[in-house]
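Worksheet: one structure, shown below.
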Amino acid sequence: MIECPDDAFYSRTTTAVAKELIGMKLVRTLKIKNNTLRLAGTIVETEAYGHNNDKASHARIGPTSRNAVMFGGVGIAYIYFTYGNHYCVNVSAKSKREIAGAVLIRAIEPIEGVNVMREYRAVDSIFSLGSGPGKLTQALNITSMLNGADMKDPKSELHIEFGTTPKEIISTPRIGITRATERNWRFIDPSSRYLSKMQIKVR
DNA sequence: CGCTCGATATTCT
DNA sequence: GAATATCGAGCGA
């Protein structure tokens, strides 16, 4: 039986993949002694990033040691460290015609292993556990050690499983970037209470 | 509530 | 040197 989206799922445009990842589950398994702990959350917010057609993408300048995953196979974890403080998780995706691409996972709704998440990220409100790209990596104990993990493999320490598609998915401009801000490449479940709190400035 | 700003590694120019 | 796909503390309203 199929538990995880496969190669075909990720072998499409990053925008299509970003949109359909909403409602799926991001799963982190921790091997502690003889036990396997499962931390999981429903993906409620994503952003698509392209290649040199996308001035906001890390891949715009061509392959480097950091962004190499974006140029490789699809369904692979691309994890990078930013602002000297935070990790961000992406999953590589691109259509056959494209050279590079990835989808940033910006927010999750915690559903499994919440108590353990709170150990990695001590916050008052459950809404602050995974409501942001730097927050969810802390709650799930995701670091650059997991860069290159196969998100299509249910045995992988970090992977994505099928979930329930929400009633509605909408697109908005991406957040926290200065280039190509006109593209509506951020996708959210508007009914979620677990979205990243940063808002789009409206003039 | 909203704004400013410091932290601080890695990449870019 | 400057910028960055971020967060949270501190401040003022």
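Convention: sequence-line order gives letters A, B, ...; per-chain numbering from 1.
Using a 4.0 Å cutoff on non-hydrogen atoms, the parts of residues 62-80 of chain A near DNA chain B are A/T64, A/S65, A/R66, ordered by number. For residues 115-123 of chain A, proximity to DNA chain B is found at no residue, defined as any non-hydrogen atom under 4.0 angstrom from a strand atom.
Using cut-offs of 30° and 60° for the angle between ring planes, the A/H51 and A/F71 rings count as perpendicular.
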Interface polar pairs with nucleotides 6-9 of chain B, N/O, under 3.5 angstrom:
unit_1 : atom_1 : unit_2 : atom_2 : d
B/dA7  : N3     : A/N85  : ND2    : 2.6
B/dT8  : O2     : A/Y83  : O      : 2.3
B/dT8  : O2     : A/G84  : N      : 3.3
B/dA9  : N3     : A/G84  : N      : 3.4

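Contact check for A/P166 versus A/I22: side-chain heavy atoms found under the 4.5 Å cut-off.
Considering only the side chain of A/P133, C/dC7 comes nearest among C/dA5, C/dC7, B/dC12. Which of C/dT4, C/dC7, C/dA5 sits closest to the side chain of A/N90 comes down to C/dA5. Nearest nucleotide to the side chain of A/S128, out of C/dA5, C/dG8, B/dC12: C/dG8.
Within the structure, the side chain to side chain donor-acceptor pair (under 3.5 Å) test picks out the following pairs touching residues 26-37 of chain A (sequence neighbours left out): A/R28-A/E157.
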*Could you go through the side-chain hydrogen bond (donor to acceptor under 3.5 Å, both in side chains) check for A/R97 and A/T13 one step at a time?*
CA-CA 9 Å; A/R97 302 162 48 92; A/T13 62; over 6 Å; no
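The residue A/I177 sits close only to the backbone: its heavy atoms come under 4.0 Å of sugar-phosphate atoms, none of a base.
A/F9 meets the ring pair (Phe, Tyr, Trp, His ring centres under 6.0 Å) test with no other residue; sequence neighbours excluded. The ring pair (Phe, Tyr, Trp, His ring centres under 6.0 Å) search around A/Y87 returns A/F81, not counting sequence neighbours. Every salt bridge (charged side-chain N to carboxylate O under 4.0 Å, His left out) that A/E20 has, sequence neighbours left out, goes to A/R12. With sequence neighbours left out, A/E112 forms a salt bridge (charged side-chain N to carboxylate O under 4.0 Å, His left out) with A/K25, A/R38. A/S144 pairs by the side chain to side chain donor-acceptor pair (under 3.5 Å) definition with nothing, not counting sequence neighbours. With sequence neighbours left out, the side chain to side chain donor-acceptor pair (under 3.5 Å) criterion links A/D54 to A/R174.
Within a 6.0 Å sphere centred on CG of A/D7, other residues, nucleotides and ligands contribute more than 12 heavy atoms.
Taking atom CZ on A/R60 and atom P on B/dC12, their separation rounds to 8 Å, with Å as the unit. The CD1 atom of A/I61 sits 10 Å away from the P atom of B/dT11 (whole-angstrom rounding). Protein atom CD1 of A/I142 is 16 Å distant from nucleotide atom P of C/dT6, rounded to whole Å. To the nearest angstrom, P of B/dT11 lies 12 Å from OH of A/Y87. In this structure, NE2 of A/H58 is placed 10 Å from C1' of B/dT10, rounded to the nearest angstrom.
Between A/Y194 and the choices A/T42, A/I188, A/I43, A/I126, the side chain to side chain contact (heavy atoms under 4.5 Å, CB included) rule is met once, by A/I126.
A sub-4.0 Å separation between OP1 or OP2 of C/dT6 and a side-chain N or O of A/R106 is present.
Nearest-nucleotide positions on DNA chain C for A/R179 and A/G134 put A/R179 closer to the 5' end.
Paired runs in DNA chain B that reach 3 or more consecutive Watson-Crick or G-U pairs, where each pair keeps both distances under 3.5 Å, cover B:1-7 with C:6-12, B:9-12 with C:1-4.
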Donor-acceptor pairs under 3.5 angstrom involving side-chain atoms of residues 175-184 of chain A: please list them, not counting sequence neighbours.
unit_1 : atom_1 : unit_2 : atom_2 : d
A/R179 : NE     : A/K55  : O      : 3.1
A/R183 : NH1    : A/N53  : O      : 3.4
A/R183 : NH2    : A/N53  : O      : 2.7

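Annotation: the span from A/S171 atom OG to A/R186 atom CZ amounts to 10.0 Å, rounded to 0.5 Å.
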